[in-house]
Number of protein chains: 2
Amino acid sequence: MRPEADDVHELVGRRLREAEQMYTKGRRELVELLLAFGRPASMPDLLELRPKLTQSSMYRNMTDLESAGVVQKIIGTDERTRFELAETLIGHHHHLICTECGAVDDFEVPARTEQALEADLQRALAGTGFRAHSHRLDVIGVCARCA
Amino acid sequence: MRPEADDVHELVGRRLREAEQMYTKGRRELVELLLAFGRPASMPDLLELRPKLTQSSMYRNMTDLESAGVVQKIIGTDERTRFELAETLIGHHHHLICTECGAVDDFEVPARTEQALEADLQRALAGTGFRAHSHRLDVIGVCARCA
DNA sequence: CTACTTGCAAATGCTTTGCAGGAGA
DNA sequence: TCTCCTGCAAAGCATTTGCAAGTAG
């Protein structure tokens, strides 16, 4: 799922409006960077692409975008947090996490697998009192570049 | 899978010896704490239980235990890293992550589900060049206590 | 005796916050 | 004008490292 930039911006604008926030230049730039990056990006990743941006504003804007449901935090195996556009924008998917370089990439599994997994999880959690909201399925290993 | 403490200590001792490291008092205490905790514990969790322990030594020992294959890092949704005994000691399982309090709990799915999942992942990754080493399946939601 | 571990303190690195100035509605 | 956003600097936190002293083998 590789959405058109224009569509994304329009949708993001709408979400921010719903959250009573503005779609400012700084926020638009973050969305563009994430869209271009194509996989979860850490703050250092983004700062390398746009050294002019201010860290604190980026963090603040990322937080705002997150609470508006536009981006989501991804936590890999190293400590730096990564961000990517929300699944409602780029589709449900999972992550390949490289233990060597820490890079995170996206991948998808067939819908059938996804459904079977959901059903199995629901069954496994019945009676635990835990209210499942979503799941996270990551594959840990070594990426093609590091192998 | 709730192993006997004695068995665990013996196995841990063996693993450390294989890694040419000693099973010192500090390391033994960490293993005991993790065993007692029963779910992934953050450093603050452990320090609360044993305020006398030194942070730096705990971190160092945890790192050593990790490279000896005795404990493994768990990364939840908040930034603090959590640790638990390796799956080779307490069995393969998954995590319930509470978005409210950050607590992480263990749960298991039927072996059949696990196998189907493995097969599906293998199929989905064929030809990507990514060398899968393990997977991570977490359920994100709200725990019984916070609900 | 020698190597490894410990404890304390200082340093790192990512992330957050305070505050004054600036831009948009 | 009033509110929200930005930039800069300082603060926070979990984690790491340097170094001298302690301890096991």
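So that the names make sense, note that chain A is the first sequence line, chain B the second, and so on, each numbered from 1.
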> Could you tell me how far apart B/Leu47 (CG) and C/dC8 (P) are, to the nearest whole angstrom?
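Those two atoms, CG and P, are 13 Å apart.
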
> Between C/dG7 atom C1' and B/Lys25 atom NZ, what is the distance in whole Å?
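To the nearest whole Å, that distance equals 13 Å.
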
> Tell me the interatomic distance from A/Arg80, atom CZ, to D/dA14, atom C1', rounded to whole angstroms.
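Those two atoms, CZ and C1', are 14 Å apart.
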
> Contact class for B/Thr81 (heavy atom, under 4.0 Å): base, sugar-phosphate, or nothing?
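The answer is sugar-phosphate, as B/Thr81 gets under 4.0 Å only of primed atoms, P, OP1 or OP2.
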
> Does B/Ser56 make a side-chain N or O approach to OP1 or OP2 of D/dT16 shorter than 4.0 Å?
no

> With a 6.0 Å cut-off on ring centres, are A/His94 and A/His135 close enough?
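Yes; A/His135 has its ring centre under 6.0 Å from that of A/His94.
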
> To the nearest Å, give me how far apart CD (A/Gln21) and C1' (D/dT3) are.
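A/Gln21 atom CD is separated from D/dT3 atom C1' by 13 Å.
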
> At less than 4.0 Å, is any side-chain N or O atom of B/Asn61 found next to OP1 or OP2 of C/dT5? Yes or no.
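False: B/Asn61 side-chain N/O out of range (4.0 Å or more) of C/dT5 OP1/OP2.
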
> By nearest heavy atom, map B/Met43 and B/Met22 onto DNA chain D; which one lands nearer the 5' end?
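It is B/Met43 whose nearest nucleotide is closer to the 5' end.
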
> Is the phosphate of C/dT5, meaning OP1 or OP2, less than 4.0 Å from a side-chain N or O of B/Ser57?
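Negative; the distance criterion is not met.
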
> Can you confirm whether the side chains of B/Arg15 and B/Thr88 place a donor and an acceptor under 3.5 Å from each other?
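Present: a donor and an acceptor within the cut-off.
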
> Which part of the nucleic acid, if any, lies within reach of A/Thr24 when heavy atoms closer than 4.0 Å are counted: base, sugar-phosphate only, or nothing?
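The answer is sugar-phosphate, as A/Thr24 gets under 4.0 Å only of primed atoms, P, OP1 or OP2.
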
> To the nearest angstrom, how far is B/Gln55 atom CD from D/dT17 atom P?
15 Å

> Inspect the surroundings of CD in A/Gln122 and state if more than 12 heavy atoms from other residues, nucleotides or ligands are less than 6.0 Å away.
no

> The side chain of B/Thr54 lies closest to which of these nucleotides: D/dA14, D/dC8, C/dC8?
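Selected nucleotide (nearest to the side chain): C/dC8.
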
> Among A/Glu66, A/Arg27, A/Arg28, which residue satisfies the side chain to side chain donor-acceptor pair (under 3.5 Å) criterion with A/Asn61?
A/Arg27

> Just to be sure I understand the rule, does B/Thr63 reach a base, reach only the sugar-phosphate, or reach nothing, if contact means heavy atoms closer than 4.0 Å?
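Contact class for B/Thr63: none.
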
> Could you tell me whether A/Arg60 contacts a base, only the sugar-phosphate backbone, or nothing, with contacts defined as non-hydrogen atoms closer than 4.0 Å?
base

> Expressed as a whole number of angstroms, how long is the span from A/Arg17:CZ to C/dA25:P?
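Value for this atom pair: 12 Å.
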
> Output the rounded distance in Å from CG (B/Asp78) to C1' (C/dT16).
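Value for this atom pair: 16 Å.
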
> Atom CD of A/Glu29 and atom P of D/dT6: how far apart are they, to the nearest Å?
11 Å

> When you check the side-chain N and O atoms of A/Arg123 and B/Thr113, is any donor under 3.5 Å from an acceptor?
no

